[in-house]
There are 2 protein chains.
Amino acid sequence: MKLTSKGRYAVMALVDLARFDNINPVSLRDISLRQGISLDYLEQIFSRLRKREIVQSVRGTQGGYVLNKKAKEIKLSNIFDAVDEKVKTVKCKKESKKGCNGKTTKCLTHNLWDELDSHINNFFEQKSLEDLVKDNAERRI
Amino acid sequence: MKLTSKGRYAVMALVDLARFDNINPVSLRDISLRQGISLDYLEQIFSRLRKREIVQSVRGTQGGYVLNKKAKEIKLSNIFDAVDEKVKTVKCKKESKKGCNGKTTKCLTHNLWDELDSHINNFFEQKSLEDLVKDNAERRI
DNA sequence: TGATACTTGACTATTTTAGTCAGGTTTATA
DNA sequence: TATAAACCTGACTAAAATAGTCAAGTATCA
């Protein structure tokens, strides 16, 4: 089990954005350079973030992206959700006709995965972008 | 992010084993039939579980597998560990010369993934095989 | 009007996953 | 002691997911 780099990059880029998001929009080019993420890949990621209204785009020269909400209101769960980082640990269909193993009953571990999902999602719902920015500011001292 | 079926099958098979593990060893063939998991795949999985001393094998006719410890003492973390289900969510190298992003510093989100790892591992260390067996026994009433 | 930056969609090499397959070895029991 | 059940091992592979790249735009500011 691992997170994909898409989700990881999304969070990295947004933390970067949140730190520089005072007056001017931040260009993906800058983020790309600072974080070492391919510009093209960032564009894919930000396209999704924009659709989910986590960021806003500003076109033209000096354009870039701006947070669409306060950092405090952006939870990690929103971010992962936007970039399709599914925190569904296992393929047991929720209430399909067939059980998880092709039989008519739930598999022996069905409840377990449900619990695990809640556990992880809970973590992501607690953490906001602001928490991460602060964490970095502190470490910087 | 998702768990692989190898880890899921390992847990399913062990819960099954734990339930029938009274007197006789349980054959993989039986588990395969009951749980709908390919026999060959089960053999791969149990080979690893045996190396980690989670189960013991009994060879010959009427052979099979037996738990090597009490169900209470087998934590899910042991199981995932054995079948190589890495709960390392992200590829930031721990203390390599290079940082996570090819730079000399830790990436902005490094601490986050460490925390997440702990959070998930904590879940797996809490849960024992016995808990799962009990959970199923209760649901059966 | 040019440079900068966003926008979109298609494409692809690589890696991982989820097994299968083949060819063993060991041992209880008839 | 023969045989079949069951374990054991390693190599192989199709399919899916991942991590991007590439190409061809469009919008807007200076």
>> Less than 4.0 angstrom from a charged side-chain N to a carboxylate O is my criterion; do B:Lys127 and A:Glu115 meet it?
In response: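 Looking at A:Glu115 together with B:Lys127, the answer is yes, because their closest N to O distance falls below 4.0 Å.
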Protein-nucleotide distance ([X], atom [atom1]; [N], atom [atom2]), rounded to Å:
X: B:Leu33; N: D:dA5; atom1: CG; atom2: P; answer: 13 Å
X: B:Met12; N: C:dG19; atom1: CE; atom2: P; answer: 11 Å
X: A:Arg48; N: C:dG9; atom1: CZ; atom2: C1'; answer: 12 Å
X: B:Leu28; N: D:dT9; atom1: CG; atom2: P; answer: 13 Å
X: B:Ile37; N: C:dG19; atom1: CD1; atom2: P; answer: 9 Å
X: A:Tyr65; N: D:dA27; atom1: OH; atom2: C1'; answer: 12 Å
X: A:Gln35; N: D:dA19; atom1: CD; atom2: P; answer: 17 Å
X: A:Ile45; N: D:dT21; atom1: CD1; atom2: C1'; answer: 14 Å

Flag side-chain contact, heavy atom, 4.5 Å: [X] against [Y]:
X: B:Leu112; Y: A:Leu76; result: yes
X: A:Thr4; Y: A:Tyr9; result: no
X: A:Leu17; Y: A:Phe46; result: yes

Would one find a side-chain N or O of [X] under 4.0 angstrom from OP1 or OP2 of [N]?
X: B:Ser57; N: D:dC8; value: yes
X: B:Arg50; N: D:dT9; value: yes
X: B:Ser47; N: D:dT9; value: yes

>> Suppose we screen for side-chain contact (heavy atoms from CB on, under 4.5 Å). Which residues come up paired with A:Arg59, at least two apart in sequence or across chains?
In response: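 Residues passing side-chain contact (heavy atoms from CB on, under 4.5 Å) with A:Arg59: none at all.
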>> Between B:Gln35 and B:Asp16, do the side chains contain a donor N or O and an acceptor N or O under 3.5 Å apart?
In response: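 Present: a donor and an acceptor within the cut-off.
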> Counting side-chain heavy atoms from CB outward, which of D:dG20, C:dT7, C:dA18 is closest to A:Tyr9?
Replying inline: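 Closest of the options to the side chain of A:Tyr9: D:dG20.
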>> Taking the six-membered ring of A:Phe20 as reference, does the cationic atom of A:Arg34 (NZ for Lys, CZ for Arg) lie under 6.0 Å from its centre and within 45° of its axis?
In response: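 Flagged: A:Arg34 positioned over aromatic ring of A:Phe20.
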>> If you assign B:Arg29 and B:Lys51 each to the DNA chain D nucleotide with the nearest heavy atom, which residue ends up on the more 5' nucleotide?
In response: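 Counting from the 5' end, the first nearest nucleotide belongs to B:Arg29.
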> Tell me, for nucleotides 20-30 of chain C in 5' to 3' order, what letter each nucleotide earns: B for a base near a protein heavy atom under 4.0 Å, S for only sugar-phosphate near one, - for neither?
Replying inline: BB---BBBB--
